[in-house]
Amino acid sequence: MMSEALLIPNWKTRDWYSAQNDSLSKPVAEWLLEENSMTSRCERYCRKVTVQPLFEGYVSASALGKEQQELPADKRYWVREVFLFGDTIPWIWARTVVPEKTLSGPEQRLIELGDTPLGRYLFSQSTLERDYIQVSLHDSLWGRRSRLRLSGKPLLLTEIFLPSSPLY
């Protein structure tokens, strides 16, 4: 991984829009509207995709801000923040928010991913569904946000594409 400190992009104050936005250029839309695993898409552009976890743990609902509107009320939420690297280059900052109620049964595995990319786990599950994709452009960085469901149980995934990402 890179030795210099990586900055976490602004995710808290972004405005998110429906992905049905005709103003997206075709190359940007192909990345932001990807229906399959973003990990798999990144693997087409490098030899190895790796993840560097930054934070994993439970937070209260008050720590979520606007994200709370996208998920059912719960006492606490599992949050995982990571950098995803293509070879050794940081391409994506990602944040996953999972209501504690989602973490029952096989979905408990979500808190045990460590340095495994989320997409490797999610897209191996036959019960995975996506409710929507929203997009955002802030500080010249594109982002996308999806509410996904495993066995009908929701989680929220935010991905911000860093300047070195092949999206650009």
* Cation-pi geometry met for R147 and Y132 (6.0 Å, 45°) ->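 Pair R147/Y132 does not count as cation-pi.
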hydrophobic_cluster_shared for [Y] and [X], side chain cutoff 4.5 Å:
X	Y	result
L33	L157	no
F83	V51	yes
I92	L24	yes
L148	V135	no
M38	L167	yes

* **Partners passing side chain to side chain donor-acceptor pair (under 3.5 Å) against E34 (at least two apart in sequence or in another chain)** =>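 Once residues adjacent in sequence are excluded, the partners of E34 under the side chain to side chain donor-acceptor pair (under 3.5 Å) criterion are R41.
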* To do: Output every pair passing salt bridge (charged side-chain N to carboxylate O under 4.0 Å, His left out) with a member in residues 121-130, not counting sequence neighbours, ordered by first then second residue.
  =>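 The answer is E35-R130.
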* Could you note down all residue pairs passing ring-ring contact (aromatic ring centres under 6.0 Å, His included) where residues 143-162 supplies at least one of them, sequence neighbours left out? =>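 Residue pairs with at least one partner in residues 143-162: there are none.
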Side-chain donor or acceptor of [X] paired with backbone N/O of [Y] under 3.5 Å:
X	Y	result
D87	K48	yes
S151	K153	no
S164	P90	yes
Y168	W142	yes

* Is the count of non-hydrogen atoms from other residues, nucleotides or ligands lying under 6.0 Å from R47 atom CZ greater than 12? ->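 Count not over threshold, so no.
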* Electrostatic pair K12-E67, nearest N-O below 4.0 angstrom ->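 No salt bridge links K12 with E67.
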* For W31, which residues count as a ring pair (Phe, Tyr, Trp, His ring centres under 6.0 Å) partner, sequence neighbours excluded? ->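 With sequence neighbours excluded, W31 shows a ring pair (Phe, Tyr, Trp, His ring centres under 6.0 Å) to Y45, given in chain and number order.
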* Return the set of residues passing ring pair (Phe, Tyr, Trp, His ring centres under 6.0 Å) with F123 (not counting sequence neighbours), or none when no residue passes. =>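 Partners of F123 under the ring pair (Phe, Tyr, Trp, His ring centres under 6.0 Å) test: none.
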* Would you mind telling me which of V98, L150, L155 makes a side-chain contact (heavy atoms from CB on, under 4.5 Å) with E107? =>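 Of V98, L150, L155, side-chain contact (heavy atoms from CB on, under 4.5 Å) with E107 is met by L150 alone.
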Please output the side-chain donor-acceptor pairs of residues 108-117 that fall under 3.5 Å, not counting sequence neighbours, one pair per line with the distance.
{"from": "R109", "atom 1": "NH1", "to": "E112", "atom 2": "O", "distance (Å)": "3.1"}
{"from": "T116", "atom 1": "OG1", "to": "L113", "atom 2": "O", "distance (Å)": "3.2"}

